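Right, one structure below, let's go through it.
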Amino acid sequence: MKLLLIEDNPTMQTTLRRTFERRGMQVLTCSEGDRALALWEASLPDAVLLDLSLPGRDGLRVLEDARAAGLSTPVIILTARGTVGDRIIGLNTGADDYMPKPFDLDELEARVRALVRRSHSAADPTPMGVGKPVAWCGMHTDRDSGAVYHEGQALDLAPRELALLRALLGKPGHAIAKERLFELVFPGETQVQPEAIEVVAYRLRKKIAHTGAQLVTLRGLGYLLKAAA
């Protein structure tokens with residue numbers, strides 16, 4: 001597993017690098033926001049650990065630019081900014097998880113491995129208990145890569161957005177409970193609040209708006225995909 005650690009605090013950077021290297025991971029480090037995007041594009045890591053308070057370009061700008069450039073690598077934000085508002089901003093910008101400092105190293109490792117596992121498991125196109133993804137509304141799931149295509153073009157989705165879309169494509173036109181979707185998008189993650197599925201749905205709704213499909217919220221029932229009128 002290859003990690004990209006974007007952190008400007010020398011002590012924190014050294015501690016995290018040594019911790020993950022001892023646990024069998026390759027760790028690339030960067031301490032400047034202006035260099036981070038180029039290193040990210042060149043190294044294509046399995047996951048990114050991103051601090052927000054960086055010299056030059058701050059972490060949110062780095063993340064925003066990465067997503068705009070089509071980089072869908074799972075991202076965990078590491079920051080001393082621990083308010084709910086900061087977390088929402090980070091998730092809406094494209095982060096997949098958020099850990100306020102100080103944090104437990106074992107928990108951080110578990111979250112990294114869970115994110116990478118979910119990203120790699122996208123190659124399995126059939127979410128358990130939902131249904132077999134079908135070709136629908138110009139979209140289909142590639143069995144080899146797990147990516148979802150629309151009219152021949154792969155949709156630019158973060159791992160959690162991809163997991164949600166694939167689950168909904170298993171039963172287009174049918175409501176799937178938020179609780180079930182949460183289990184598929186955040187498998188085994190007990191520290192994540194159930195409301196986090198709403199953030200993922202919000203981001204996915206915007207990204208598929210051009211496909212002719214609508215992600216509809218049914219109060220008390222969950223979410224469904226339907227063709228736009």
Side-chain angles (χ1 to χ4, degrees), residues 1-9 11-33 35-37 39-41 43-54 57-69 71-122 157-164 182 185-197 199-200 203:
M1 185 188 303
K2 184 194 299 182
L3 300 183
L4 173 58
L5 171 61
I6 306 171
E7 167 65 63
D8 69 322
N9 183 293
T11 301
M12 176 69 72
Q13 186 184 106
T14 299
T15 298
L16 291 176
R17 178 179 57 78
R18 289 177 177 174
T19 296
F20 284 113
E21 286 179 343
R22 283 197 300 266
R23 301 181 188 194
M25 303 182 195
Q26 179 184 356
V27 183
L28 304 176
T29 60
C30 180
S31 57
E32 299 176 7
R35 294 184 52 247
L37 186 61
L39 181 57
W40 189 338
E41 291 179 314
S43 61
L44 295 178
D46 295 296
V48 173
L49 302 180
L50 176 64
D51 183 33
L52 293 186
S53 300
L54 297 170
R57 193 180 325 192
D58 69 17
L60 284 178
R61 177 67 186 278
V62 171
L63 178 56
E64 185 178 26
D65 291 347
R67 294 308 190 215
L71 297 171
S72 58
T73 314
V75 173
I76 299 179
I77 287 178
L78 309 176
T79 182
R81 306 178 196 173
T83 68
V84 173
D86 288 324
R87 296 177 193 177
I88 291 173
I89 291 172
L91 291 169
N92 281 338
T93 302
D96 296 276
D97 207 345
Y98 197 113
M99 289 196 69
K101 299 174 183 177
F103 46 78
D104 182 83
L105 290 174
D106 290 332
E107 181 184 358
L108 176 58
E109 181 191 5
R111 292 195 182 203
V112 168
R113 292 190 182 279
L115 272 181
V116 173
R117 189 164 56 245
R118 179 166 55 252
S119 177
H120 289 175
S121 70
L157 302 175
R160 286 178 174 168
E161 298 160 4
L162 178 60
L164 177 58
F182 182 88
V185 176
F186 300 91
E189 297 190 33
T190 59
Q191 301 299 316
V192 181
Q193 296 299 312
E195 292 78 12
I197 192 69
V199 175
V200 180
R203 297 195 322 229

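No experiment lies behind these values; they were computed from the predicted model shown. Residue indices begin at 1 and follow the sequence shown.
- Remark: R35 pairs with C30, E32 by the side-chain contact (heavy atoms from CB on, under 4.5 Å) rule, at least two apart or across chains.
- At a threshold of 4.5 Å between non-hydrogen side-chain atoms, the residues V112 and M1 count as touching.
- Here CG of L39 is found 5.0 Å from CG of L4. Values are rounded to the nearest 0.5 Å.
- L63 places a side-chain heavy atom less than 4.5 Å from the side chain of W40.
- No more than 12 heavy-atom neighbours from other residues, nucleotides or ligands sit within 6.0 angstrom of CZ on R18.
- Each of I197, V192, L162 was checked for a side chain to side chain contact (heavy atoms under 4.5 Å, CB included) with V185, and the lone residue meeting it is I197.
- Residues T14 and R17 form a side-chain contact, since some pair of their non-hydrogen atoms from C-beta on lies under 4.5 Å apart.
- Of all non-hydrogen atoms in L60 and I77, the two that sit nearest each other are CD2-CD1, 4.5 Å.
- In this structure, the separation between CZ on R23 and CG on L3 is 11.5 Å, given to the nearest 0.5 Å.
- Put simply, the side chain of L44 does not reach to within 4.5 Å of the side chain of T73, judged on heavy atoms.
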Can D104 and R111 be said to form a salt bridge (Lys or Arg N to Asp or Glu O under 4.0 Å), step by step?
CA-CA 11 Å; D104 182 83; R111 292 195 182 203; over 6 Å; no
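- When side chains are defined from C-beta on, F20 does not count as touching L5, because their heavy atoms never get closer than 4.5 Å.
- Judged purely by atom type and a 3.5 angstrom limit, D51 has no side-chain atom pairing as donor or acceptor with the backbone of I6.
- In this structure, A36 and V62 approach most closely via the heavy-atom pair CB-CG1, 4.0 Å.
- The backbone N or O of Q13 lies less than 3.5 Å from no partner atom in the side chain of E7, so there is not a single donor-acceptor pair.
- A 4.5 Å side-chain heavy-atom check between L16 and V27 finds every atom pair outside the cut-off.
- Here CZ of F182 is found 8.5 Å from CD of E195. Values are rounded to the nearest 0.5 Å.
- Note on D46 versus R113: no salt bridge recorded, every NZ/NE/NH1/NH2 to OD/OE distance being 4.0 Å or above.
- L71 is listed as a side-chain neighbour of L37, based on a closest heavy-atom distance under 4.5 Å.
- Between R67 and G94, the shortest heavy-atom distance links the atoms NH2-O, 2.8 Å.
- Of all the heavy atoms in L54 and S31, the pair that sits closest is CD2-O, 4.3 Å.
- When every heavy atom of A69 is checked against every heavy atom of E41, the shortest pair comes out as CB-OE2, 3.8 Å.
- Remark: T15 engages T11, T19, L105 in a side-chain contact (heavy atoms from CB on, under 4.5 Å) (not counting sequence neighbours).
- Legend: residues meeting side-chain hydrogen bond (donor to acceptor under 3.5 Å, both in side chains) with R57, ordered by chain and number and at least two apart, are D65.
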